[in-house]
Amino acid sequence: METFTYSFHAAEVIFGPGAVTRLGKLSERAGWRRLLLCTTGRSRARGHLASIESALGERLVAVYEQVEPHVPSSRVAEATALAAEHDVDAVIGLGGGSAIGTAKAVSLALEEQRTGHPARAAFVTGQPLIPVIAIPTTYAGSEMTPVYGVTHPADKADGSARKITVSDPKVAPKLVIYDPLLTLDLPPRVTAGTGINAVAHCIEALYSITRNPLSTAAALAGLRAIAHALPCCYDDGSDVEARAEMLEGAFLAGTALSNVAMGLHHGLCHVLGGATGAAHGDANSVVLPYAMRFNLDATSPQLALAAEAMGLPTAGQRAEVAAEAAAEQVAEWVAHMCLPQRLREIGVAQEQLPALAELAFASRTVRNNPKPIADAAQIEALLRSAW
Ligand code: NAD
């Protein structure tokens with residue numbers, strides 16, 4: 001008999017083409033009068049910023065457009081100062097995981113400034129002073145989770161920048177707006193990389209040491225949607241039906257991720273992104289097939305379920321065979337979508353591998369891997385084969 005815990009994060013999720021136009025009414029209903037938007041400079045050129053401005057009118061009191069990948073701590077400090085200057089009462093993250101992560105970091109920092117106390121929730125149902133609103137335009141899934149990462153500058157001791165993960169129920173967005181129309185211009189490379197990131201959430205949720213019935217159901221439904229929609233979105237980004245199905249897959253993947261411990265794959269991708277600046281989607285594309293094969297002997301029943309959800313013919317197969325087929329399918333998607341397959345292609349130098357393995361071995365996420373990892377040498381061996 002399995003035992004489990006599950007925490008709900010009291011969020012409203014609005015899904016549908018044109019959903020972003022409802023932001024003004026939803027903010028009015030929630031009583032948010034002074035909102036800050038965190039996004040990248042490209043949102044203005046793409047017209048996404050105009051959609052938010054027209055939905056919010058005077059309620060949008062400030063826009064921070066300098067969001068950067070991997071959420072550098074200096075950017076969080078700038079956005080927090082802007083939020084304080086404009087006395088905001090809610091923060092919007094519009095874009096990928098970096099924009100949403102910045103909004104989450106600002107929310108906690110501002111609460112600490114205003115109250116003079118650490119903002120961390122004392123209990124799993126703790127609510128924020130400054131709620132986060134997430135409007136995702138990639139498939140990275142941060143909008144559904146109580147987690148963000150901030151990258152701190154290179155440490156003098158070992159020269160590596162470090163991405164520190166913060167987990168707190170207060171940063172789980174209170175309102176999530178999924179509007180497939182905002183994803184039609186997502187370039188093929190970002191579609192593909194963040195799509196593989198969503199696949200990774202489902203895979204690591206399925207074999208998580210803290211999996212539960214809801215995370216498993218969400219992960220399998222997410223994989224079904226993604227397996228069908230991701231190649232279509234890559235081939236034709238303007239296909240609204242496929243974009244909607246893929247965004248639904250990302251929602252399910254993020255839901256699966258939101259309540260369970262991740263493992264080796266996520267731990268490694270965080271270390272790689274923080275230390276080398278590799279794009280998160282690229283790191284996911286290289287690492288996922290290797291992480292699945294590393295874990296295969298300990299998790300084949302769960303990976304066999306993944307294979308079935310991906311639509312692979314698994315009837316009558318041994319779990320190990322189906323699990324290998326799931327890893328092979330991921331590798332094929334990566335190749336088909338011209339994503340990087342080697343660490344050397346994403347700016348990782350061979351000399352960095354021992355230090356990266358040590359950093360990963362020290363990470364709590366890697367310690368939560370379903371197949372126990374005894375030493376950094378095991379991780380270094382994986383990194384060498386992926387290099
Ligand atoms: P990202 O946010 O850095 O965005 C990638 C690129 O896509 C950027 O250049 C961005 O400008 C562009 N982009 C976004 N939307 C676009 C659109 N509609 N059209 C055109 N271009 C668009 O990358 P990401 O992969 O979405 O997120 C990665 C970050 O999120 C990492 O820091 C990762 O650690 C974090 N993350 C966190 C969680 C979590 O649970 N907290 C989950 C997944 C990822």
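Both ligands and their constituent atoms are indexed starting at 1 by order of listing.
Close approach to Lys104 involves these atoms of ligand 1, each under 4.0 Å from a residue heavy atom: 41 (N). Against a heavy-atom cut-off of under 4.0 Å, Lys163 is close to the following atoms of ligand 1: 31 (C), 32 (O), 33 (C), 34 (O). Near Gly96, meaning under 4.0 Å from any of its heavy atoms, are these atoms of ligand 1: 2 (O), 26 (O). Ligand-side atoms of ligand 1 in range of Thr145: 39 (C), 40 (O), 41 (N), range being under 4.0 angstrom from any heavy atom. For ligand 1, the atoms sitting less than 4.0 Å from at least one non-hydrogen atom of Leu182 are 18 (N), numbered in the order shown with element in parentheses. Taking every non-hydrogen atom of His70 and a distance limit under 4.0 Å, the qualifying atoms of ligand 1 come out as 32 (O). If you number the atoms of ligand 1 from 1 as listed, the ones under 4.0 Å from a heavy atom of His270 come out as 34 (O). Close approach of ligand 1 to Asn197 is summarised as follows: ligand atoms under 4.0 Å from at least one heavy atom of the residue are 43 (C), 44 (C).
Residue Gly95 has no nitrogen or oxygen atom sitting less than 3.5 Å from a nitrogen or oxygen atom of ligand 1, judged on distance alone. Considering both main-chain and side-chain atoms, Thr194 never comes within under 3.5 Å of ligand 1 through any nitrogen or oxygen pair. Inclusion of Arg42 in the set of residues having an N or O under 3.5 Å from an N or O of ligand 1 is not warranted. Taking distance alone, with nitrogen or oxygen atoms compared against 3.5 Å, Gly141 stays at or beyond that limit from ligand 1. Residue-to-ligand polar distances place Thr138 within reach of ligand 1: an N/O pair is separated by less than 3.5 Å.
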| request: Mind running side-chain contact (heavy atoms from CB on, under 4.5 Å) on Leu36 and Val63 for me, showing each step along the way? | output: CA-CA 6 Å; Leu36 165 74; Val63 181; 5.9 Å; no

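Checking side-chain atoms of Glu380 against main-chain N and O of Ala357 turns up no donor-acceptor pair under 3.5 Å. Side-chain N or O atoms of Asn212 include none that pairs as donor or acceptor with a backbone N or O of Tyr6 at under 3.5 Å. At least one donor-acceptor pair under 3.5 Å links the side chain of Thr145 to the backbone N or O of Ser142. A distance-only check finds no donor-acceptor pair linking the side chain of Arg22 to the backbone of Ala19 [under 3.5 Å]. No donor-acceptor pair closer than 3.5 Å links the side chain of Ser300 to the backbone N or O of Ala323. The main-chain N or O of His9 is found under 3.5 Å from a side-chain atom of Lys174 such that the two form a donor-acceptor pair.
Of the protein's non-hydrogen atoms, the one nearest atom 28 (C) of ligand 1 is His280 CB, 3.7 Å. For atom 6 (C) of ligand 1, the closest non-hydrogen atom of the protein is Val190 CG1, 4.1 Å. Regarding atom 42 (C) of ligand 1, its nearest protein heavy-atom neighbour is Ala140 O, 3.4 Å. At the top of the distance list for atom 20 (C) of ligand 1, counting protein heavy atoms only, stands Arg46 NE, 2.9 Å. The nearest protein atom to atom 41 (N) of ligand 1, hydrogens excluded, is given as Val147 O, 2.7 Å; this is a heavy-atom distance. Distance from atom 15 (N) of ligand 1 to its nearest protein heavy atom, with residue and atom name: Thr137 OG1, 2.5 Å. The single protein non-hydrogen atom nearest to atom 3 (O) of ligand 1 is Ser98 OG, 2.7 Å, given as residue, atom name and distance. At the shortest separation from atom 37 (C) of ligand 1 among protein heavy atoms lies Ser142 CB, 3.8 Å.
Gly195 and Met246 get closest at one heavy-atom pair: CA-CE, 3.7 Å.
Under 4.0 Å from ligand 1, the heavy atoms of Leu257 that appear belong solely to its side chain. Using a 4.0 Å cut-off between heavy atoms, Thr40 contacts ligand 1 through its side chain alone, with no backbone atom that close.
Heavy atoms of Met144 come nearer than 4.0 angstrom to ligand 1 in no pair at all. Using a 4.0 Å heavy-atom cutoff, Asp185 is listed among the residues neighbouring ligand 1. Heavy atoms of His48 come nearer than 4.0 angstrom to ligand 1 in at least one pair. Residue contacts with ligand 1 include Pro187, since one or more of its heavy atoms lies under 4.0 Å from the ligand.
Other residues, nucleotides and ligands place more than 12 heavy atoms under 6.0 Å from the CZ atom of Arg344. Under a cut-off of 6.0 angstrom, the local environment of CD in Glu308 is sparse, with at most 12 non-hydrogen atoms contributed by other residues, nucleotides or ligands. Summarising the local packing, CZ of Arg114 is surrounded by more than 12 heavy atoms from other residues, nucleotides or ligands at distances under 6.0 Å.
For the pair Arg367 and Phe361, the cation-pi criterion (under 6.0 Å, within 45° of the ring axis) is fulfilled.
The closest side-chain donor-acceptor pair between Glu245 and His228 falls under 3.5 angstrom. A donor-acceptor pair shorter than 3.5 Å can be found between the side chains of His266 and His201. Donor-acceptor pairing under 3.5 Å is lacking for the side chains of Ser238 and Arg243.
Among Phe15, Tyr139, Tyr178, the one residue that satisfies the ring-ring contact (aromatic ring centres under 6.0 Å, His included) test with Phe251 is Tyr178. Only one option out of Asn369, Asn295, Thr299 pairs with Tyr207 in a side chain to side chain donor-acceptor pair (under 3.5 Å); it is Asn295.
Relative to atom 24 (P) of ligand 1, the option among Gly97, Cys269, Pro146 with the closest non-hydrogen atom is Gly97.
Within the 4.0 angstrom cut-off, atom 8 (C) of ligand 1 has no protein heavy-atom neighbours.
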